[in-house]
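Report on the following structure.
In listed order, ligands and their atoms are each counted from 1.
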Amino acid sequence: MHEVATKAEVPSAIRPFINGRFEDSRSASQVVNYSPYTGTALYSFLAGSTDDVDRAVTAARVAFDDGRWSEAPPSFRQRVLLRFADLVERHAVELDCMDAREMGKPVSVAFCNSAMSAAFLRFCAEAVDKMSGDVLVSDVKSYISQRRVPCGVVGAIASWNFPAFVALLKVAPALAAGNTVVLKPSEISPSSALQLAQLAVEAGIPEGVLNVVPGIGADVGKPLSLHGDVDLISFTGSTPVGKQILAAAGQSNLKRVVLECGGKSPQIVFDDGVRLEVVASAIAASILRNQGQVCSAGTRVLVQKSLERRLLDALAARFQDVKVGDPLDPQTTFGPLATRSQLVRVKGAIEEAMSAGATLEVGGTEPYPHHDGYFVRPTLFSKVDHRMPVAREEIFGPVLAVTSFDSAADAVRMANSTDFGLSATIWTKQLQTGLSVAKKVRCTVSVNTGEYSGEGARFASTSEPAGQSGFGAEGGIAGIQSYQRRQTISIFHG
Ligand code: NAD
């Protein structure tokens with residue numbers, strides 16, 4: 001074991017963190033978590049219960065209603081959130097190791113790691129005293145203002161693919177907006193969320209403001225989304241579960257819902273002088289980091305026919321050039337999938353693509369020798385018809401489907417031909433092509449860059465999904481405002 005690995009300790013226990021302290025779960029069933037790297041059992045914990053959720057929501061409700069956070073001076077909220085960000089940064093290695101150990105994200109991958117989470121938290125903290133409302137135009141005898149107020153108790157339900165980052169993607173704007181929170185991390189990766197809650201208390205966030213209930217979807221996520229005292233559910237996860245959350249909101253108290261769900265994001269490549277090496281590296285990075293378990297991964301390539309073969313060769317070389325290994329080893333660039341069921345699902349999707357007639361360029365289902373964990377090879381398919389499942393359905397693994405097109409109109413049609421609408425990337429030498437295609441694709445678009453780039457693009461920009469990728473703003477000031485509602489106060493002063 002190398003040095004960083006020894007820091008990957010699970011906190012004293014995986015238990016509910018309510019009112020600033022660990023409590024026992026009142027659940028009768030257990031969850032066993034396995035190491036994705038070895039396939040052996042790591043630890044077990046209780047699956048959570050409606051009673052755990054009730055206790056956490058009550059704590060968050062009391063903390064909201066007595067104003068210890070929502071009515072505290074903005075300078076206080078800002079100061080402790082900045083201190084929280086400092087602590088997250090200081091504990092970033094430890095948090096990354098917890099996530100790597102539980103779900104396999106290599107510690108070498110900076111994308112959405114804990115240092116980035118701390119930077120996002122700092123952005124939200126800085127915004128606390130810069131938020132404003134409106135004073136409306138009115139007649140001379142009245143005064144009409146609209147202020148933004150917190151929604152109340154926020155239930156945050158997170159996915160496992162970037163455990164610490166996704167937790168803070170919800171907790172940071174919810175707290176910056178003045179709410180209290182009950183966070184339900186994924187059962188696959190609960191440790192970093194519990195560590196974050198302890199750091200929040202250490203930073204000075206009052207007890208009861210951030211509570212965490214670990215457990216499974218049926219026993220914790222469902223009662224949280226049905227709870228009559230939760231005012232907003234912010235969910236990151238799959239589209240099918242997102243639909244259940246929306247139904248639960250309707251069945252219960254009509255709580256607000258923010259849904260960040262699945263994707264099938266296109267990478268559109270024009271043969272108009274683009275730099276093949278740059279494009280191939282960016283596309284490979286997008287689908288291979290975190291083993292393709294990224295909601296916005298560019299999982300399908302639409303390439304102009306004349307460039308197809310050269311791009312496939314450049315991609316194949318990169319797919320074979322990964323450093324496979326222990327996610328806790330800083331040299332590893334490609335780790336295992338998170339769970340055995342992920343492995344079964346991804347292998348099934350590869351087999352389905354082959355039987356549908358797609359051409360396997362590299363990869364496939366053959367296991368890596370000397371690796372017992374949940375590994376699957378980076379897999380590249382060509383000759384993919386855009387109607388095949390491999391081009392339409394979210395696989396959530398390192399599987400890339402390449403389809404060729406003749407005209408920009410074809411590319412746009414295929415780009416929009418899934419149920420999803422999360423993100424797209426366009427590679428072109430002609431800015432006119434980039435902009436005109438971007439305007440026709442129904443999601444967040446990057447042109448000639450693998451990630452958002454440029455100042456302001458990282459945390460200040462807002463993503464808003466389309467179609468069955470969900471709805472609601474995340475990131476930027478608008479993302480903080482997702483956790484607020486407008487209150488109008490009109491005064492007739494005569
Ligand atoms: P998932 O939908 O299986 O689980 C997400 C969370 O919901 C977990 O905490 C789970 O326990 C909980 N849950 C399960 N059933 C529930 C129920 N009936 N009621 C309430 N909660 C329930 O998703 P996952 O496998 O954890 O994550 C992968 C998915 O997340 C992918 O589809 C990916 O695209 C998506 N994702 C989206 C974004 C985004 O920003 N759009 C970001 C990351 C991940």
Side-chain angles (χ1 to χ4, degrees), residues 31 33 45 47-48 50 53 99 102-105 111-112 117 120 155-170 173 182-190 192-193 212-227 230 233-249 251-252 255 257-265 289-299 337-343 345-346 349 393-397 418-423 443-444 462-475 479 482:
V31 181
N33 274 351
F45 67 105
T50 301
V53 172
D99 290 346
E102 289 177 340
M103 49 62 69
K105 175 177 182 278
F111 184 73
C112 295
S117 311
F120 176 67
I157 301 180
S159 58
W160 48 260
N161 59 328
F162 296 110
F165 183 78
V166 173
L168 282 175
L169 206 50
K170 309 201 159 300
V182 176
L183 168 65
K184 183 234 169 290
S186 168
E187 55 273 35
I188 293 159
S189 53
S192 54
V212 180
V213 183
I216 62 172
D219 293 356
V220 176
K222 189 171 175 190
L224 188 60
S225 55
L226 282 167
H227 207 291
V230 170
I233 286 280
S234 178
F235 170 78
T236 292
S238 62
T239 296
V241 176
K243 290 180 182 181
Q244 291 179 43
I245 304 273
L246 198 52
Q251 279 163 31
S252 53
K255 55 180 68 66
V257 177
V258 173
L259 294 178
E260 305 291 335
C261 299
K264 192 75 189 176
S265 301
R289 67 182 155 217
N290 207 18
Q291 297 74 252
Q293 300 165 126
V294 181
C295 57
S296 56
T299 49
L337 296 176
T339 60
R340 185 170 297 285
S341 64
Q342 265 288 95
L343 181 66
R345 229 166 56 87
V346 173
E393 291 169 11
E394 185 178 52
I395 296 171
F396 224 52
T418 69
D419 292 335
F420 300 108
L422 213 49
S423 68
C443 54
T444 299
T462 299
S463 298
E464 210 163 345
Q468 295 192 31
S469 290
F471 52 80
E474 198 157 67
S482 290

Exercise: identify the closest heavy-atom pair between V53 and H227
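In this case the closest contact between V53 and H227 is CG1-CD2, 4.0 Å.
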Which parts of the protein, at residue level, reach under 4.0 Å of ligand 1 through a heavy atom?
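Its neighbours under 4.0 Å (heavy atoms only) are I157, A158, S159, W160, N161, K184, P185, S186, E187, G217, G221, K222, F235, T236, G237, S238, V241, Q244, I245, E260, C261, G262, C295, E394, F396, L422, given by chain and number.
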For S159, which residues count as a side chain to side chain donor-acceptor pair (under 3.5 Å) partner, sequence neighbours excluded?
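N161.
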What residues, two or more places apart in sequence or in another chain, satisfy side chain to side chain donor-acceptor pair (under 3.5 Å) together with K264?
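Side chain to side chain donor-acceptor pair (under 3.5 Å) list for K264, sorted by chain: empty.
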Can you sort out the partners of E187 under side-chain contact (heavy atoms from CB on, under 4.5 Å), two or more places apart, ordered by chain and number?
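Counting only residues at least two positions away or on another chain, E187 forms a side-chain contact (heavy atoms from CB on, under 4.5 Å) with F45, K184, I216.
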Do the rings of F162 and F111 sit parallel, tilted or perpendicular, given the 30° and 60° boundaries?
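Correct class here is perpendicular.
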Between OG1 of T50 and CG of L224, what distance do you get to the nearest 0.5 Å?
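Separation between the atoms: 10.5 Å.
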